[in-house]
2 protein chains.
Amino acid sequence: MKLEEAKQQFINSWGAFGTNWGINRTMAQIHALLLINPDPLTQDDMMEALNISRGNVNMNVRDLIGWGLAERVILPGERKEYFTGEKDIWKVVKQIVKERKKRELEPMLQLVDKLEQTEGDRRDRHVKAFMDTIEGIKKLGKYADKTLDTLIKAEEHWFVSNMMKMFK
Amino acid sequence: MKLEEAKQQFINSWGAFGTNWGINRTMAQIHALLLINPDPLTQDDMMEALNISRGNVNMNVRDLIGWGLAERVILPGERKEYFTGEKDIWKVVKQIVKERKKRELEPMLQLVDKLEQTEGDRRDRHVKAFMDTIEGIKKLGKYADKTLDTLIKAEEHWFVSNMMKMFK
DNA sequence: TTGAATTTTCAAATATTATTGAAAATATTA
DNA sequence: TAATATTTTCAATAATATTTGAAAATTCAA
């Protein structure tokens with residue numbers, strides 16, 4: 001397979017992959033494009049590579065920046081803005097984990113803390129089932145929170161070699 | 001807060017949470033409903049609790065069964081079908097991990113195996129950047145695959161206590 | 001400053017995904 | 001077997017999410 005075809009396949013698959021994770025297709029495709037491009041790209045480059053409008057590129061690039069997955073680059077002497085993506089996949093994963101933890105896990109933990117205060121007699125099987133679920137989620141959620149914090153701070157080799165010990 | 005209000009909040013939040021993960025709102029809400037209900041429910045119960053149509057319940061319950069998160073229950077003497085959900089959150093998490101690994105990680109690994117065959121001279125910076133990305137994803141993907149297999153097979157207490165050692 | 005280049009915004013258009021509801025299929029009981 | 005209850009399907013509809021494109025805002029060089 002030729003490079004151009006392979007790139008196209010990668011971009012399409014990364015886009016489809018993203019949609020399974022609640023990320024819009026275009027944002028994931030732009031991310032793919034930045035991952036595989038050695039040099040920074042302009043918004044026009046992305047419009048052309050993905051066949052999408054200026055507004056679409058602009059919004060999604062800014063979203064990617066918000067996720068910490070892309071950044072603006074100033075090239076001396078150039079008028080236009082350029083953008084690059086983090087190339088180290090381990091760092092990409094850590095960044096995504098960090099953001100999703102902040103955006104989703106933390107609000108979920110806040111919710112269960114609140115729902116834990118629900119009134120009612122546990123001898124009522126409905127009350128009990130509800131409270132058991134909430135407590136189960138809280139316990140596992142807090143544990144996930146700590147685990148993910150460890151991952152976010154970890155160096156790849158440290159994390160991998162620690163995990164390896166579990167596989168034996 | 002009263003039980004009914006708390007249940008409603010939990011169902012709504014679980015639904016919203018699902019949409020961030022590429023899972024449709026109704027499926028996540030039905031799952032929430034099954035999580036917090038001590039007894040099996042009929043499709044009519046779910047229609048009423050969530051204010052949705054029969055067809056919608058039916059499709060989403062079957063999807064949940066496909067994900068291994070709900071199952072049909074036969075109650076002796078009852079004409080209607082009943083459904084329950086797994087209550088143990090650790091098992092729920094393992095089941096979701098197992099399914100997403102099969103549906104997403106494995107196809108992704110197949111893709112990178114294929115894209116690794118891309119022709120081209122690595123002295124070309126574009127070829128090199130592409131191949132580096134693909135190889136990075138492959139390496140981390142294979143590692144994730146093993147880690148998740150360990151998680152899927154693990155007992156909660158074993159897994160937790162192993163992870164604890166990393167936090168120290 | 002000015003004005004050309006560039007980026008950003010956002011209402012409207014389009015595309016995608018989810019939901020309904022009624023007909024068809026299936027299962028159950030008498 | 002026929003009558004009835006229940007489940008399933010799926011075309012039509014509705015709801016949601018994404019994309020466009022042109023106007024407004026901003027930036028920058030002279």
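Chain letters run A, B, ... following the sequence lines, proteins first and then strands; every chain starts at 1.
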| request: Please state how far atom CG in A:Asn51 lies from atom C1' in D:dT18, giving the value in whole angstrom units. | output: 16 Å
| field | Separation of C:dA15 P from A:Ile52 CD1 (nearest whole Å) | value | 15 Å
| query | Roughly, in whole Å, what's the span from CG in A:Asn60 to P in D:dT19? | reply | 6 Å
| Test side-chain contact (heavy atoms from CB on, under 4.5 Å) applied to A:Gln117 - qualifying residues, sequence neighbours left out | none
Between the protein and nucleotides 5-10 of chain D, are there any N/O to N/O pairs under 3.5 Å, and if so, what are the atom names and distances?
unit_1 : atom_1 : unit_2  : atom_2 : d
D:dA5  : O4'    : B:Arg79 : NH2    : 3.3
D:dT7  : OP1    : B:Glu81 : N      : 2.8
D:dT8  : OP2    : B:Asn58 : ND2    : 2.4
D:dT9  : OP2    : B:Arg62 : NH1    : 3.3
D:dT9  : OP2    : B:Arg62 : NH2    : 3.0

| field | Co-members of B:Tyr82 in a cluster of I, L, V, M, F, W and Y side chains, linked at under 4.5 Å | value | B:Val73, B:Leu75
| query | Is any side-chain heavy atom of A:Val92 closer than 4.5 Å to a side-chain heavy atom of A:Trp67? | reply | no
| request: Would you please name every residue forming a side-chain hydrogen bond (donor to acceptor under 3.5 Å, both in side chains) with B:Asp121, sequence neighbours left out? | output: B:Arg123
| request: Before accepting this row, confirm whether a basic side-chain N of the pair B:Lys153/B:Asp149 lies closer than 4.0 Å to the acidic partner's carboxylate O. | output: no
| Within a strict 4.5 Å, meaning less than it, do heavy atoms of the A:Asn24 and A:Thr19 side chains meet? | no
| request: May I ask you to say whether B:Arg122 pairs ionically with B:Glu135, meaning some side-chain N is under 4.0 Å from a carboxylate O? | output: yes
| query | Which residues in residues 12-27 of chain A have at least one heavy atom lying under 4.0 Å from any atom of DNA chain D? | reply | A:Asn24, A:Thr26
| query | Between A:Lys80 and A:Asp44, is there a salt bridge with N-O shorter than 4.0 Å? | reply | yes
| said: Looking at B:Lys138 and B:Asp113, is any side-chain nitrogen of the basic one under 4.0 Å from a carboxylate oxygen of the acidic one? | reply: yes
| message | Distance check needed: C:dT6 P versus A:Met46 CE, whole Å only. | response | 15 Å
| task | Specify the separation, in whole Å, of atom CG of A:Leu50 and atom P of D:dT18. | result | 16 Å
| message | At 10 degrees resolution, what angle do the end axes of the helix from C:dT1-D:dA30 to C:dA30-D:dT1 form when each is taken over five base pairs? | response | 20°
| said: Less than 4.0 angstrom from a charged side-chain N to a carboxylate O is my criterion; do B:Lys94 and B:Glu155 meet it? | reply: no
| said: Regarding B:Glu99 and B:Lys102, does a basic nitrogen lie under 4.0 Å from an acidic carboxylate oxygen? | reply: yes
